Structures are given as structure tokens and as C-alpha cells.
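First up is the structure itself, then whatever we jot down about it.
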Amino acid sequence: MTFGLERIWRLPDQHNFSSLTEFVLLGFPSVGHVRGWFFVLLLLAYLFTIGGNMLIFLVIRLDAALHKPMYHFVSVLSFLELWYTATTIPKMLTNLLSEKKTISFAGCLLQTYFFHSLGASECYLLTAMAYDRYLAICRPLHYPSIMTTALCAKMAAGCWTCGFLCPISEVILVSQLPFCNYNEIPHIFCDFPPLLSLACKDTSTNVLVDFAVNAFIILITFLFIMASYGRIIGAVLKIKTAAGRRKAFSTCASHLIVVLIFFGSIIFMYVRLKKSYSLTLDRTLAVVYSVLTPLANPIIYSLRNKELIQAIKRTFFKKGEKASPTHH
């Protein structure tokens, strides 16, 4: 995904064209002698991400008190994060230990496709969660009749379907590009911008399609979320008691934090028109939205949600205790 409207291309040279079968991911060239420590940190972050998101997913599915629309979307988000991190982090870990940091041409395209499709699905899912909170706070009387179990399932399925359809055109266009003999990708995983920079052809069409697709995915969803929270804040401020305002806003505070972290990093990464930028900055931002955000999600949702913490205790420490549902 990229919003750069600059033309990323190289002048064609028939003698330099080749059918590349693999790329080299340069990854983190600056880690040097601390590569082992970096591997351990990344591995621990990945294991915590898997464990935290799996814990939230299972608890919500097993505890009847959490069978509500809000937690249904949280469980879907946790399930999505498991696959989102699986597309990039295992390959990063392998490359940190291996001298041969190669990835096949087909593997590179598949990694790019699944990373972007799951990222797009997360954008849509966070939007659906914002709509759920809008209905719960701004239209509480109609909320139970509108946000039914069937509607939740349809919205979640729609988020996944739209997410997996969005990057198809971009991947098809990239797969048809001719590439030069130079096959080193200056990034920690395969992505559209570095792939386009290696092409021996004018890629302005790719950039334009990329811009159109991502303008819809990132900007439209983010603006919809912000509009929902504008309505939510307006409704919360009308509540007369401070305790009532805190209770109303606490139900969506965790979601808002996740939104700001995730969208803040991808907007800064992809919504830019600068022609030149720092590769170090790119790698740093990539770590934020591909590693740190999925790592932070279970922490944010568990630490800020007493109901979820109680459900974890009931599920794993007090299995004999009957869950008593609470209402927001």
C-alpha cells in the first residue's frame, strides 16, 4: 500500500531484464552483532502476541457473559491478529538467523497479498467496532434490536471478504512487471513500494491503482471511525454525572487507543507525497504496525477491561464458578 504519487520506475534496458525467481530481503542490516538479542526480543514479542490474542479469543468464546456484540468483534480482531503477524514475523525471525535471506517471487507476492488483505480487513473491522460503539452509546434503546447476533456475523464476514478482495488488482499488476537483475528489497518484508522500485518499467499505473485502493481503505475507514467518535463524544458530554460519562466512555476507550496506534502508523507510512524518505524510518514504522500493534492489542483490551479480566479468572482459575453476565 502506498499513497506516493511519484513515478517509481527505471528506464528499460533490454539487456538487464531477467525472469527473477527470488528476492533478497535485506531486513535489519544495522543490527549487526546484536542480531541474536534482536532475534530473542522479536521471538518473545511474537510468542506474547500469539498467547495474548489466543487467550482473548478463547475466553470470549468460552465465557457466556462475554457473548455480546462488542466482545464478538474483539474476538474476531484477536483471531485476525494471529494471521496478520504470521504473514511477516516468522520470515523476519528466519532471516535474522540465516545468511541467505531469500524469498521466492511467488512467496513474495503471496506475503504482500496476505499482509495487505489482512491489514485491510483490520481497517474494516475497526470501523465496524466504531459503529457498534456508536449504536451502544448514541442509540442505546435501539441497540439490542439493531446489533443482533446475525448482523454481527454478517459484518465480520463482510470485513474479511472486502479485505481479501481489495489488494487483488495491485498484486496482479505487480506480477506482470518485468524486473531487473537487481533483486535486493530494502525492507523487512515484501511490500508494494519496494517491489515497484525494482521494476524495469514505468510503474505510474501501479502507483495510481495503489493510491485509489488505499485512499478508500485507509482514509474512508479512518474518517468514518472519527465521525463515529465525534458523535460518541458529543453524546457522552451530554450525560449529567461524571460517573456516567466515565462509564460510557470506558466501553470504547480501548478501541480508540488501538485505532490511534494502528492508523497513526499506517497513515504516516503510506499517506505521503514525499519522493525521498528514510529507509530506517520505513523499517521502524513497519515494526510498529506489523509487530507492536498486534502485541499491544491484548494488553490494551485486558488491562482496561475489568469484565474481560474477570472472565479470564473465571475461565482459567475458577472453572466451577458460574459466570454472571453484566451489562454496560
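FYI, the numbering just counts along the sequence from 1. This structure is a prediction, so every number in the text was calculated from the model and none was measured.
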Between Ser75 and Ile56, is a side chain to side chain contact (heavy atoms under 4.5 Å, CB included) present by the stated rule, with each step listed? CA-CA 6 Å; Ser75 70; Ile56 290 177; 5.7 Å; no

Distance-minimising heavy-atom pair for [X] and [Y]:
X	Y	value
Tyr46	Ala86	OH-CA, 3.7 Å
Leu135	Met147	CD1-CE, 3.6 Å
Thr85	Ser290	CG2-O, 3.8 Å
Cys190	Leu25	N-CD2, 3.9 Å
Leu26	Pro186	CD1-CA, 3.8 Å
Asn214	Asp210	ND2-O, 2.6 Å

Leu96 vs Lys101, side chain to side chain contact (heavy atoms under 4.5 Å, CB included): CA-CA, chis, key distance, verdict: CA-CA 8 Å; Leu96 281 170; Lys101 309 176 191 302; over 6 Å; no

If Ile, Leu, Val, Met, Phe, Trp and Tyr residues are connected whenever their side-chain heavy atoms lie under 4.5 Å apart, and connections chain through other members, are [X] and [Y] in the same group?
X	Y	result
Trp37	Leu97	no
Val24	Ile103	no
Leu43	Phe48	yes
Leu223	Phe262	no
Phe39	Leu41	no

To the nearest 0.5 Å, what is the distance between [atom1] on [X] and [atom2] on [Y]?
X	Y	atom1	atom2	value
Leu195	Asn206	CG	CG	10.0 Å
Ile257	Leu260	CD1	CG	8.0 Å
Glu184	Ser197	CD	OG	11.5 Å
Leu256	Met129	CG	CE	11.5 Å
Ile60	Met70	CD1	CE	8.5 Å
Leu196	Leu177	CG	CG	6.5 Å

Does any non-hydrogen side-chain atom of [Y] lie less than 4.5 Å from one of [X]?
X	Y	answer
Ile89	Thr49	no
Glu81	Pro298	no
Val213	Glu170	yes
Arg133	Ser228	no
Leu77	Asn297	yes
Thr88	Ile188	no
Val259	Met226	yes
Tyr143	Asp132	yes

Atom pairs and distances, donor-acceptor, side-chain atoms in residues 229-242, under 3.5 Å, two or more places apart:
unit_1 : atom_1 : unit_2 : atom_2 : d
Tyr229 : OH     : Cys252 : O      : 3.2
Tyr229 : OH     : His255 : ND1    : 2.6
Arg231 : NH1    : Tyr134 : OH     : 3.4
Thr241 : OG1    : Gly244 : N      : 3.1

Ignoring hydrogens and angles, tell me if any N or O in the side chain of [X] forms a donor-acceptor pair with the backbone of [Y] under 3.5 Å.
X	Y	result
His67	Arg61	yes
Ser175	Ile172	yes
Thr148	Ser145	no
Thr221	Ile218	yes

Which word best sums up how the rings of [X] and [Y] line up, parallel for under 30°, tilted for 30 to 60°, or perpendicular for over 60°?
X	Y	answer
Tyr84	Phe115	parallel
Phe189	Tyr289	perpendicular
Phe79	Trp83	perpendicular

Check step by step if ring-ring contact (aromatic ring centres under 6.0 Å, His included) holds for Phe23 and Phe105. CA-CA 6 Å; Phe23 292 102; Phe105 181 79; 5.8 Å; yes

Could you go through the side chain to side chain contact (heavy atoms under 4.5 Å, CB included) check for Val76 and Phe57 one step at a time? CA-CA 7 Å; Val76 174; Phe57 176 77; over 6 Å; no

Expected list for residues 117-128: side-chain donor-acceptor pairs under 3.5 angstrom, two or more places apart:
unit_1 : atom_1 : unit_2 : atom_2 : d
Ser117 : OG     : Tyr113 : O      : 2.9
Ser117 : OG     : Phe114 : O      : 3.0
Ser121 : OG     : Ser117 : O      : 2.8
Thr127 : OG1    : Cys123 : O      : 2.8

Between Arg35 and Glu99, does any NZ, NE, NH1 or NH2 come within less than 4.0 Å of an OD or OE carboxylate oxygen?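 Counted as a salt bridge, because a side-chain N and a carboxylate O are separated by less than 4.0 Å.
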
Does the pair Glu307/Lys68 count as a salt bridge with the N-to-O cut at 4.0 Å?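 Answer for the salt bridge query: yes.
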
Should Asp191 and His116 be marked as a side chain to side chain contact (heavy atoms under 4.5 Å, CB included) after you check the CA-CA gap, both sets of side-chain angles, and the distance that decides it? CA-CA 9 Å; Asp191 203 355; His116 282 267; 2.5 Å; yes

